[in-house]
S.K.: 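Structure provided below as structure tokens; questions to follow.
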Amino acid sequence: MKDPRMTPTLSDERILDLIEAYGADPVAFPEAERDAAVRRMNEAPSLFAKALDEARRLDQFLDIVPETEVPASLRDSLLASAPKPARTARPERGLWRFLPGWLPAGAVASLVMGLMIGVNVSLPASVASAQTTDETDAVMYAALGFGDLDLMSETAE
Amino acid sequence: MAFVSDLDQITRAAAGDPSAVSWLVDRYSPGVLGLATRMLGDRMEAEDVTQETFLRAWKALPGWEPRAKFSTWLHRVALNLCYDILRKRRESLPGELPEMTDPELTPPERLLQTERVKAIETAIAALPERQAAALTLCALQGHSQVEAAEIMETSEEALESLLARARRSLRATLAERSVA
């Protein structure tokens with residue numbers, strides 16, 4: 001509770017101005033002047049009776065104006081124009097954004113298939129090559145020029 | 001119920017959270033539509049203003065910085081759109097004032113509530129635009145002086161002057177029509 005002695009006093013003219021502008025209910029007065037105005041109006045009610053009566057009649061008139069109801073069609077329209085939830089898309093950077101969305105999945109599938117085919121083909125090949133290692137080595141050495149050494153050594157023997 | 005700030009909702013709405021979007025629409029669209037309706041006196045135009053205001057809000061959400069209250073910003077956008085429409089009206093109809101007189105208006109004791117509401121809405125829409133805005137924001141929508149002054153980009157003293165003149169005009173208009 002505010003100490004009334006701390007509330008500044010208002011002139012009667014100022015109080016009449018407040019009633020003229022804000023109506024009869026002091027709740028509508030500016031907060032800084034409200035308490036002083038109420039105190040003075042209680043001290044000398046007859047000074048303000050006429051002004052309060054006129055203001056009260058207009059206040060009652062204004063009070064019957066109902067709050068505006070927003071029609072459903074307008075509400076729907078306002079909601080429809082509102083921001084939509086953002087998609088939970090992955091960040092698209094670099095060249096990927098220009099490629100179709102199925103491409104990464106296709107690339108992974110191709111890689112897996114390629115690896116499987118590679119394993120299946122390479123296993124029999126390596127078994128077969130093990131049987132011919134000596135012949136293959138001889139051809140390789142000869143191709144590289146080392147075959148001559150063997151021939152020379154054989155000739156020397 | 002947990003307190004959810006405007007900023008929380010704005011952040012979530014910017015990410016497309018449908019519940020936050022609904023929250024913002026339900027919280028603020030009545031005020032924006034109400035302001036535009038009182039300013040323009042035309043429901044269809046007021047709905048267009050509301051739509052455009054929210055479109056701008058949705059665009060602003062991702063970079064939103066809470067320097068001003070969202071509500072203040074939103075109402076300011078709506079108000080400026082209304083000012084644009086009113087200016088175009090003046091340019092297209094030079095010298096014409098908004099229609100405000102209805103000689104066939106029924107006397108107050110026979111008026112139904114809806115007719116009284118219509119009468120006051122017509123009277124508000126006929127006020128000079130800044131007076132109508134000040135009255136709507138403070139007297140009808142309950143914005144504080146500080147908020148209303150921010151929305152209207154004016155001083156609190158100027159707002160008070162607008163309010164006083166608006167109420168005087170309204171009283172005179174309604175008395176003339178034997179409504180108040």
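All values below come from the heavy atoms of this structure, side chains included, with hydrogens, waters and symmetry mates left out. Order of the sequence lines sets the chain letters (A, B, ...), proteins ahead of strands, with each chain counted from 1. For clarity, every value in this text was computed on a predicted model and none was experimentally measured.
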S.K.: With respect to chain A, which residue among B:P18, B:A139, B:S22, B:C138 yields the maximal number of heavy-atom pairs within a distance under 4.5 Å?
M.R.: B:S22
S.K.: Under 4.5 Å from any heavy atom of chain B, what part of A:F29 do you find: side chain, backbone, both or neither?
M.R.: backbone
S.K.: Side chains of B:S71 and B:R27: any donor to acceptor distance under 3.5 Å?
M.R.: no
S.K.: With a 4.5 angstrom heavy-atom cut-off, is it the side chain or the backbone of B:L135 that approaches chain A, or both, or neither?
M.R.: side chain
S.K.: At a heavy-atom distance under 4.5 Å, which candidate from B:T37, B:L170, B:D26 has the highest pair count against chain A?
M.R.: B:D26
S.K.: Any side-chain donor paired with an acceptor under 3.5 Å for B:Q141 and B:T136?
M.R.: no
S.K.: For B:T50, which atoms come within 4.5 Å of any heavy atom of chain A: side chain, backbone, both, or neither?
M.R.: both
S.K.: What part of B:A14 gets within 4.5 angstrom of chain A, counting heavy atoms only: side chain, backbone, both, or neither?
M.R.: backbone
S.K.: Under 3.5 Å, is there a donor on one side chain and an acceptor on the other for B:D6 and B:Y28?
M.R.: yes
S.K.: Heavy-atom cut-off 4.5 Å, strictly under: side chain, backbone, both or neither for B:E121 against chain A?
M.R.: side chain
S.K.: Identify which of A:A28, A:S73, A:P71, A:P30 forms the greatest number of heavy-atom pairs closer than 4.5 Å to chain B.
M.R.: A:P30
S.K.: For the candidates A:R14, A:Q60, A:E67, which exhibits the highest count of non-hydrogen atom pairs separated by less than 4.5 Å from chain B?
M.R.: A:R14
S.K.: Tell me, with the steps shown, if B:R167 and A:Y22 meet side chain to side chain contact (heavy atoms under 4.5 Å, CB included).
M.R.: CA-CA 9 Å; B:R167 289 179 67 97; A:Y22 300 105; over 6 Å; no
S.K.: So for B:L140, is it side chain, backbone, both, or neither that comes closer than 4.5 Å to the heavy atoms of chain A?
M.R.: side chain
S.K.: With only heavy atoms counted, which part of B:E160 is less than 4.5 Å from chain A, the side chain, the backbone, both or neither?
M.R.: both
S.K.: Any side-chain heavy atom of B:F70 within less than 4.5 Å of one from B:L61?
M.R.: yes
S.K.: Of the non-hydrogen atoms in A:S81 and B:L55, which two are nearest, and what is the gap between them?
M.R.: CB-CD2, 3.7 Å
S.K.: Hey, is A:E20 close enough to B:R171 for a salt bridge, meaning N to O under 4.0 Å?
M.R.: yes
S.K.: My understanding is that only one of A:R57, A:R56, A:K50 makes a salt bridge (Lys or Arg N to Asp or Glu O under 4.0 Å) with A:E54; could you say which?
M.R.: A:K50
S.K.: In plain terms, say whether A:R40 and A:E43 are close enough for a salt bridge, that is, a side-chain N and a carboxylate O under 4.0 Å apart.
M.R.: yes
S.K.: So for B:V25, is it side chain, backbone, both, or neither that comes closer than 4.5 Å to the heavy atoms of chain A?
M.R.: side chain
S.K.: Is B:R38 in contact with chain A via its backbone, its side chain, both, or neither, using a 4.5 Å heavy-atom distance?
M.R.: side chain
S.K.: Most heavy-atom pairs under 4.5 angstrom with chain B, which of A:D25, A:D17, A:D59?
M.R.: A:D59
S.K.: Below 4.5 Å from any heavy atom of chain A, which atoms of B:I124 appear? Answer side chain, backbone, both or neither.
M.R.: side chain
S.K.: Salt bridge check: are B:K69 and B:E147 linked by an N-O gap of less than 4.0 Å?
M.R.: yes
